[in-house]
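Report on one structure; see the data block that follows.
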Amino acid sequence: MNSRAIRFYEDRLSAAIHYPEIKSEKYPAVLFVHGFVGNKVGAHRIFVKAAQAIAKAGYISFRFDFSGCGESDGDYSDVTVSKQMKELKAAIKYVSGLDHVDSENIILVGHSLGGAVTALTAYQIPQIKKVVLWSPVARPYVDITTITGEEAVKTAETQGTFDYMGFLLSNEFFNDLKQHQPLESITSFKGSVFIIHGDADQDVPKENAEMYAQPISSNQRVKYSFIEGADHTFTNTAWEKELFKKTIQWLTDIKDPRS
């Protein structure tokens with residue numbers, strides 16, 4: 001297994017690619033979609049470790065920073081979910097053209113707000129066959145403002161931005177959150193969905209897993225699972241291992257319902 005750092009999207013976005021030991025011509029690819037004020041490394045390096053584990057299981061793994069995040073260009077004050085959806089589409093297009101990638105077998109793994117961005121985008125891309133949501137945001141405006149507090153919205157409205165832990169959140173960011181309904185978008189996705197949530201998540205309600213699964217259970221393959229005691233970012237090695245194991249097992253077991 002090996003990895004390398006790259007830049008794409010007119011050299012503005014930073015990414016890392018992890019390859020399995022190349023033994024065949026094509027491999028499915030997994031794209032990790034980080035969340036609110038996050039990056040491609042993740043808390044306690046969760047995306048790095050996940051990408052390594054999934055590459056060992058025979059997948060090409062791709063981690064990237066949205067603009068204004070991590071090592072990518074841009075400022076967080078310009079971030080909106082709408083822009084992140086556009087950048088995710090660019091990432092999918094880039095990965096689809098990589099050597100050894102099966103362009104018809106692209107998988108998205110989205111965490112937190114990245115889960116919402118994943119749900120909002122996946123149904124628009126035919127190559128996406130499987131989606132995994134880790135602790136996903138289900139109602140972007142409600143879930144994110146619960147984290148930031150309503151004062152953040154009022155400050156951004158009157159002053160243009162709100163400083164959240166060193167990240168400037170714009171009034172446009174909050175207004176844009178209101179425009180997106182991932183629980184509706186996911187119903188248009190015809191592939192398979194797996195949701196994993198920590199049952200002690202204090203940032204994003206664990207009930208979100210059922211909220212995603214309920215409207216799509218009748219017409220597509222969907223499964224959700226909880227990790228006992230886990231918080232929002234699975235900050236324990238035992239929780240991490242269970243998260244990775246469940247994800248890889250599901251990816252291995254599930255068949256594409258559109259095949």
Side-chain angles (χ1 to χ4, degrees), residues 1-35 38-74 79 83-115 117-118 121-122 124-134 191 194 196 233-234 240-241 243-252 254 256:
M1 184 183 71
N2 64 82
S3 63
R4 63 183 177 94
I6 61 98
R7 295 186 73 84
F8 70 105
Y9 199 50
E10 299 179 347
D11 206 39
R12 285 180 285 170
L13 301 185
S14 173
I17 308 170
H18 299 252
Y19 292 94
E21 183 178 350
I22 301 297
K23 294 181 179 179
S24 64
E25 188 67 25
K26 298 292 183 181
Y27 291 84
V30 174
L31 276 72
F32 290 94
V33 188
H34 72 74
N39 58 63
K40 65 179 180 294
V41 175
H44 53 95
R45 299 180 73 242
I46 189 170
F47 294 125
V48 178
K49 290 179 276 189
Q52 292 170 341
I54 285 178
K56 286 180 181 178
Y59 298 81
I60 292 175
S61 297
F62 185 85
R63 304 178 287 115
F64 76 101
D65 293 322
F66 283 118
S67 60
C69 302
E71 297 179 305
S72 287
D73 293 349
V79 168
K83 291 177 182 177
Q84 290 187 333
M85 290 169 63
K86 183 178 180 179
E87 291 170 358
L88 176 55
K89 291 175 183 177
I92 295 167
K93 181 178 180 180
Y94 178 82
V95 171
S96 297
L98 290 173
D99 291 342
H100 301 293
V101 167
D102 178 357
S103 62
E104 294 302 315
N105 195 355
I106 305 293
I107 301 149
L108 302 181
V109 177
H111 175 250
S112 192
L113 184 59
V117 174
T118 294
T121 306
Q124 303 179 48
I125 312 296
Q127 297 105 303
I128 307 302
K129 304 295 197 290
K130 302 173 187 176
V131 159
V132 182
L133 307 178
W134 292 348
F194 185 33
I196 309 176
T233 57
F234 308 93
E240 276 187 345
K241 289 179 181 178
L243 177 69
F244 301 163
K245 181 180 179 180
K246 285 184 174 182
T247 299
I248 292 168
Q249 189 64 59
W250 182 81
L251 290 176
T252 302
I254 197 69
D256 175 20

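- Minimum interatomic distance between Val117 and Gln84 (heavy atoms only, all atoms of both residues): CG2-OE1, 3.7 Å.
- Checking side-chain atoms of Asn2 against main-chain N and O of Tyr19 turns up no donor-acceptor pair under 3.5 Å.
- Heavy atoms only, all atoms of each residue included: Ile60 and Pro20 are closest at CG1-CD, 3.8 Å.
- Residues satisfying the salt bridge (charged side-chain N to carboxylate O under 4.0 Å, His left out) test with Asp11, not counting sequence neighbours, are Arg7.
- Distance NE2/His111 to OG1/Thr118: 11.5 Å, rounded to 0.5 Å.
- Nearest approach of Ala51 to Arg63, heavy atoms of both residues: CB-CD, 3.9 Å.
- Put simply, the side chain of Phe194 does not reach to within 4.5 Å of the side chain of Gln249, judged on heavy atoms.
- The number of heavy atoms from other shown groups lying within 6.0 Å of NZ (Lys83) is above 12.
- A 4.5 Å side-chain heavy-atom check between His34 and Val41 finds every atom pair outside the cut-off.
- Residue Leu13 holds its CG atom at 9.0 Å from CZ of Phe66, rounded to the nearest 0.5 Å.
- Between Phe244 and Ala53, the shortest heavy-atom distance links the atoms CD1-CB, 4.3 Å.
- With Ser72 contributing its side chain and Gly68 its backbone, the two residues share no donor-acceptor pair below 3.5 Å.
- Applying the side-chain hydrogen bond (donor to acceptor under 3.5 Å, both in side chains) criterion to His100, with sequence neighbours excluded, gives no partner residue.
- Counting all heavy atoms, side chain and backbone alike, Val131 lies closest to Ala122 at CG2-CB, 3.7 Å.
- In this structure, the side chain of Lys130 engages the main chain of Leu251 through a donor-acceptor pair within 3.5 Å.
- By the ring pair (Phe, Tyr, Trp, His ring centres under 6.0 Å) test, Phe234 pairs with no residue at all, sequence neighbours left out.
- Separating the NZ atom in Lys246 from the CD1 atom in Ile248 is a distance of 13.5 Å, to the nearest 0.5 Å.
- Tested against Gln127 for a side chain to side chain contact (heavy atoms under 4.5 Å, CB included), the candidates Asn105, Val101, Ile106, Ile107 yield a single pass: Ile106.
- Considering NZ of Lys26 and OG of Ser103, their distance stands at 6.5 Å, rounded to 0.5 Å.
- To the nearest 0.5 Å, atom CD1 of residue Ile54 and atom CZ of residue Phe47 are 10.5 Å apart.
- Across all non-hydrogen atoms, the minimal contact from Ser61 to Ala55 is OG-N, 3.7 Å.
- One N or O on the side chain of His44 and one on the backbone of Thr233 form a donor-acceptor pair closer than 3.5 Å.
- Here the straight-line distance linking atom CD1 of Ile92 with atom CD1 of Ile128 works out to 4.0 Å at 0.5 Å rounding.
- Residues passing the salt bridge (charged side-chain N to carboxylate O under 4.0 Å, His left out) test with Glu10, sequence neighbours excluded: Arg12.
- Ring-plane geometry between Phe32 and Trp134 is classed as tilted, the angle between the planes lying from 30 to 60 degrees on a 0 to 90 degree scale.
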Dump the intermediate steps for side chain to side chain contact (heavy atoms under 4.5 Å, CB included) on Val30 and Val132, then the final yes or no. CA-CA 10 Å; Val30 174; Val132 182; over 6 Å; no
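- Residues that satisfy the salt bridge (charged side-chain N to carboxylate O under 4.0 Å, His left out) test with Lys241, not counting sequence neighbours, are absent from this structure.
- The side-chain contact (heavy atoms from CB on, under 4.5 Å) test applied to Ala91 returns Phe8, Leu31, Phe62, Phe64, not counting sequence neighbours.
- The shortest distance between side-chain heavy atoms of Leu88 and Leu108 falls below 4.5 Å.
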